[in-house]
Amino acid sequence: MLDAIRYLVDNAIKWRAMPGDFPPWDRVYAFFRRWRDRGLIREFHDRLRRRVREQAGRDPEPSAGVIDSQSVKADAVVGSNTPGFDGGKLINGRKRHVVVDTLGLLLAVMVTAADVGDRAAAQVLLAQVAAAHHLLALVWADGGYTGSLVEYSLAALALALAIVKRSDDMRGFVVLPKRWIVERFFAHLMQSRRLVRDFERSTSSAEAMVYWSMTTLMTRRLARPRPSRA
């Protein structure tokens with residue numbers, strides 16, 4: 001079942017196009033839906049994240065993170081009531097709001113219509129992250145998260161929101177401190193073909209697909225042979 005869902009996320013096939021080497025597609029989808037609705041995929045993902053952090057010599061729980069969003073086009077199967085138009089990036093679809101740790105591992109994701117503002121979504125997402133990760137004290141963000149969100153995060157959530165701004169004299173592509181971490185995370189998501197566009201009818205399934213993509217990445221890291229120490 002696990003391999004079947006990982007295959008679907010990695011190759012962007014339809015549920016009914018599940019290869020014959022896997023269980024029947026309707027049983028695989030029932031497994032996916034059960035894990036999604038009961039929060040088991042997130043629990044599975046979080047346990048893997050703690051293992052990866054420990055393998056990297058870090059504490060299981062993070063103390064700092066990075067927040068950002070990514071707008072993606074919605075497929076025709078997505079209902080007309082959930083997508084929106086992102087005027088800044090000229091994309092009609094949905095937006096993935098994420099918080100990652102300093103290793104680029106996912107802490108939380110929230111999928112909304114693309115016309116939902118970053119600050120409005122961040123207020124909800126940061127509250128979820130602060131409740132789940134009590135050691136989290138610092139979150140880096142770009143200039144789109146300035147304003148009252150900085151004061152709200154510190155007063156209501158005890159989170160210091162540090163804005164990493166692009167200097168006015170910068171020209172061309174420049175790697176910004178800490179911001180590259182979440183940009184690399186989005187690049188990892190684009191390696192899962194199911195996430196290149198939003199094919200999911202519900203936002204809960206869209207969020208579950210992000211967790212499944214990251215479980216594939218982390219299991220590969222954990223299975224990678226470590227260099228022997230002299």
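In this text the structure is predicted, and so the values were computed from the model without any measurement.
- Linking ILVMFWY residues whenever their side-chain heavy atoms come closer than 4.5 Å, directly or via other members, leaves Leu125 and Val210 in distinct clusters.
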Return all side-chain donor-acceptor pairs below 3.5 angstrom for residues 25-42, not counting sequence neighbours, or 'none' if the list is empty.
residue: Arg36; atom: NH1; partner: Ser205; partner atom: OG; Å: 2.6
residue: Arg42; atom: NE; partner: Tyr211; partner atom: OH; Å: 3.4
residue: Arg42; atom: NH2; partner: Leu107; partner atom: O; Å: 3.4

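- Considering all non-hydrogen atoms of both residues, Gly88 and Asp86 come closest at N-OD1, 3.1 Å.
- Within the model, atoms CG of Asp46 and CE of Met214 stand 11.0 Å from one another, a figure rounded to the nearest 0.5 Å.
- Contact check for Lys89 versus Lys95: no side-chain heavy atoms found under the 4.5 Å cut-off.
- Between Arg193 and Asn11 the shortest heavy-atom distance is CB-C, 4.1 Å.
- Residues Trp212 and Thr215 meet the side-chain proximity criterion, which asks for heavy atoms closer than 4.5 Å.
- Screening residues 114-163 for ring pair (Phe, Tyr, Trp, His ring centres under 6.0 Å), with sequence neighbours left out, gives no hits.
- Residues Asp68 and Asp142 form a side-chain contact, since some pair of their non-hydrogen atoms from C-beta on lies under 4.5 Å apart.
- Heavy-atom minimum distance, Val9 versus Met209: CG2-SD, 3.5 Å.
- Looking at every heavy atom in both residues, Met110 comes nearest to Glu207 through CA-OE2, 3.5 Å.
- There is a side-chain donor-acceptor pair under 3.5 Å between Asp118 and Ser69.
- Closest approach of Arg179 to Val164, counting heavy atoms only: NH1-O, 3.6 Å.
- Residues passing the ring-ring contact (aromatic ring centres under 6.0 Å, His included) test with His97: none are found, sequence neighbours excluded.
- Taken from CD in Gln191 to OG in Ser213, the straight-line distance is 8.5 Å, to the nearest 0.5 Å.
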Under the side chain to side chain contact (heavy atoms under 4.5 Å, CB included) criterion, do Leu48 and Leu222 qualify, and how do the steps go? CA-CA 9 Å; Leu48 287 174; Leu222 291 172; 3.8 Å; yes

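- To the nearest 0.5 Å, atoms CG (Asp101) and CD (Glu61) are separated by 10.0 Å.
- Side chains of Arg6 and Thr219: a donor-acceptor N/O pair is present below 3.5 angstrom, by distance only.
- Side-chain contact, Arg96 with Ser71: no donor N or O sits under 3.5 Å from an acceptor N or O.
- With hydrophobic clusters built from ILVMFWY side chains whose heavy atoms lie under 4.5 angstrom apart, Val66 does not share a cluster with Leu157.
- Considering OG1 of Thr146 and CG of Leu161, their distance stands at 9.5 Å, rounded to 0.5 Å.
- Scanning both residues, Leu159 and Leu138, for their nearest heavy atoms gives CD2-N, 4.4 Å.
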For Val98 and Ile67: C-alpha separation, side-chain torsions, deciding distance, then whether side chain to side chain contact (heavy atoms under 4.5 Å, CB included) applies. CA-CA 6 Å; Val98 302; Ile67 186 172; over 6 Å; no

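- Of the inter-residue distances, the one linking Arg51 atom CZ with Arg47 atom CZ reads 11.0 Å to the nearest 0.5 angstrom.
- Residue Val129 is not grouped with residue Phe186 when hydrophobic side chains (ILVMFWY) are merged at heavy-atom distances under 4.5 angstrom, including chains of intermediate members.
- Val116 and Phe85 fall into different hydrophobic clusters, where Ile, Leu, Val, Met, Phe, Trp and Tyr are joined by side-chain heavy atoms under 4.5 Å apart, directly or via other members.
- With hydrogens and angles ignored, the 3.5 Å screen pairs a side-chain donor or acceptor of Arg53 with a backbone N or O of Asp59.
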Evaluate the criterion side chain to side chain contact (heavy atoms under 4.5 Å, CB included) for residue pair Met218 and Leu105; output intermediate values, then yes/no. CA-CA 9 Å; Met218 291 188 294; Leu105 303 176; 4.1 Å; yes

Go through Ile13 and Met18 one step at a time and tell me if the side chain to side chain contact (heavy atoms under 4.5 Å, CB included) criterion holds. CA-CA 7 Å; Ile13 63 171; Met18 190 70 63; 4.2 Å; yes

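- No path of Ile, Leu, Val, Met, Phe, Trp and Tyr side chains, each step under 4.5 Å between heavy atoms, connects Val124 with Leu106, placing them in separate hydrophobic clusters.
- How far CG of Asp75 is from CZ of Arg94: 10.5 Å, rounded to the nearest 0.5 Å.
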